[in-house]
Amino acid sequence: MQLLLNRLDTAWAALTDSYTGVPDPQLVEPGVVDDWSVKDILAHVTTWEEEALRHLPLIIAGGTPPRYAAQGGIDAFNARATADGRRRSLAEVLRRRDETHARLLEFIRSQPAGTFAGQARARRRLRLDTYGHYPEHTAAIRAWRERLPA
């Protein structure tokens with residue numbers, strides 16, 4: 001489990017580092033990726049951590065989460081989540097980011113030893129929703145920062 005937590009922490013630290021020092025007004029400016037701001041990306045990442053928290057207990061118990069196709073597909077799900085994130089203030093997005101990430105770490109640490117080693121589906125879901133997902137957004141934010149005027 002420690003290896004899993006280390007992967008998650010390393011990817012999370014890289015994501016956090018990608019926007020550290022950016023003034024708040026710039027965090028809400030669109031254009032990081034298309035019309036997404038850093039705030040939009042953070043709300044998006046938080047949504048997927050929430051999805052991990054929602055579905056991992058079911059997967060660990062041997063169940064199967066509902067498919068996104070039932071919600072119009074993953075793109076439709078992401079569009080609704082983006083709209084929800086845009087209605088929130090930057091402070092609320094940051095608070096939600098911190099609270100959700102802390103709950104995710106607590107959930108992982110609370111699992112019996114070997115849970116993720118023995119549960120390929122749970123390990124895959126965790127990777128897709130977290131440490132395998134963060135690098136895409138980390139790279140986008142870093143590329144955006146390189147385009148900013150000095």
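Numbers for residues simply follow the sequence, beginning at 1.
- With Arg121 contributing its side chain and Gly63 its backbone, the two residues share a donor-acceptor pair below 3.5 Å.
- In this structure Asp84 satisfies the side-chain hydrogen bond (donor to acceptor under 3.5 Å, both in side chains) test together with Arg88, sequence neighbours excluded.
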Test side-chain hydrogen bond (donor to acceptor under 3.5 Å, both in side chains) applied to Thr20 and Asp17, step by step:
CA-CA 5 Å; Thr20 295; Asp17 183 61; 4.8 Å; no
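- Ion pairing between Glu50 and Arg96 holds under the 4.0 Å rule for side-chain N and carboxylate O.
- Aromatic ring pairs are classed by plane angle as parallel below 30°, tilted from 30° to 60° and perpendicular above 60°; the pair Trp36 and His137 is parallel.
- Each of Leu128 and Leu56 belongs to its own hydrophobic cluster when Ile, Leu, Val, Met, Phe, Trp and Tyr are linked at side-chain heavy-atom distances under 4.5 angstrom.
- Arg97 contributes no side-chain N or O that, together with a main-chain N or O of Glu92, makes up a donor-acceptor pair within less than 3.5 Å.
- Hydrophobic cluster membership differs between Ile59 and Ile108, with clusters built from Ile, Leu, Val, Met, Phe, Trp and Tyr side chains linked at under 4.5 angstrom.
- Evaluation of the ring-ring contact (aromatic ring centres under 6.0 Å, His included) rule for Trp144 yields no partner, not counting sequence neighbours.
- Ring geometry for His101 against Trp12 counts as parallel: the plane angle stays under 30°, on a 0 to 90° scale with 60° as the upper cut.
- In terms of hydrophobic clustering, with Ile, Leu, Val, Met, Phe, Trp and Tyr side chains grouped at heavy-atom distances under 4.5 Å, Leu3 and Leu126 are assigned to different clusters.
- Tracing side-chain contacts under 4.5 Å through hydrophobic residues (I, L, V, M, F, W, Y), one reaches Leu105 starting from Leu53; they form part of the same cluster.
- Between the side chain of Asn78 and the backbone N or O of Asp75, no donor-acceptor pair lies under 3.5 Å.
- With hydrophobic clusters built from ILVMFWY side chains whose heavy atoms lie under 4.5 angstrom apart, Val33 does not share a cluster with Phe77.
- Put simply, the side chain of Thr115 never gets that close to the backbone of Gln111: no donor and acceptor are under 3.5 Å apart.
- Between Arg103 and Glu99 there is no salt bridge, since no side-chain nitrogen of the basic residue lies less than 4.0 Å from a carboxylate oxygen of the acidic one.
- Salt bridge Asp129/Arg124: absent, no basic N to carboxylate O contact under 4.0 Å.
- A distance-only check finds a donor-acceptor pair linking the side chain of Arg123 to the backbone of Phe116 [under 3.5 Å].
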Between Tyr134 and Trp48, does the ring-ring contact (aromatic ring centres under 6.0 Å, His included) criterion hold? Intermediate values first, please.
CA-CA 10 Å; Tyr134 309 150; Trp48 284 101; over 10 Å; no
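- The only option from Glu49, Arg127, His44 that meets the side-chain contact (heavy atoms from CB on, under 4.5 Å) definition with His133 turns out to be His44.
- Within the 3.5 Å criterion, the main-chain N or O of Tyr131 finds no donor-acceptor partner in the side chain of Arg7.
- For the pair Ile60 and Gln119, the tightest heavy-atom approach, listed with the atom from each and the gap, is O-NE2, 3.3 Å.
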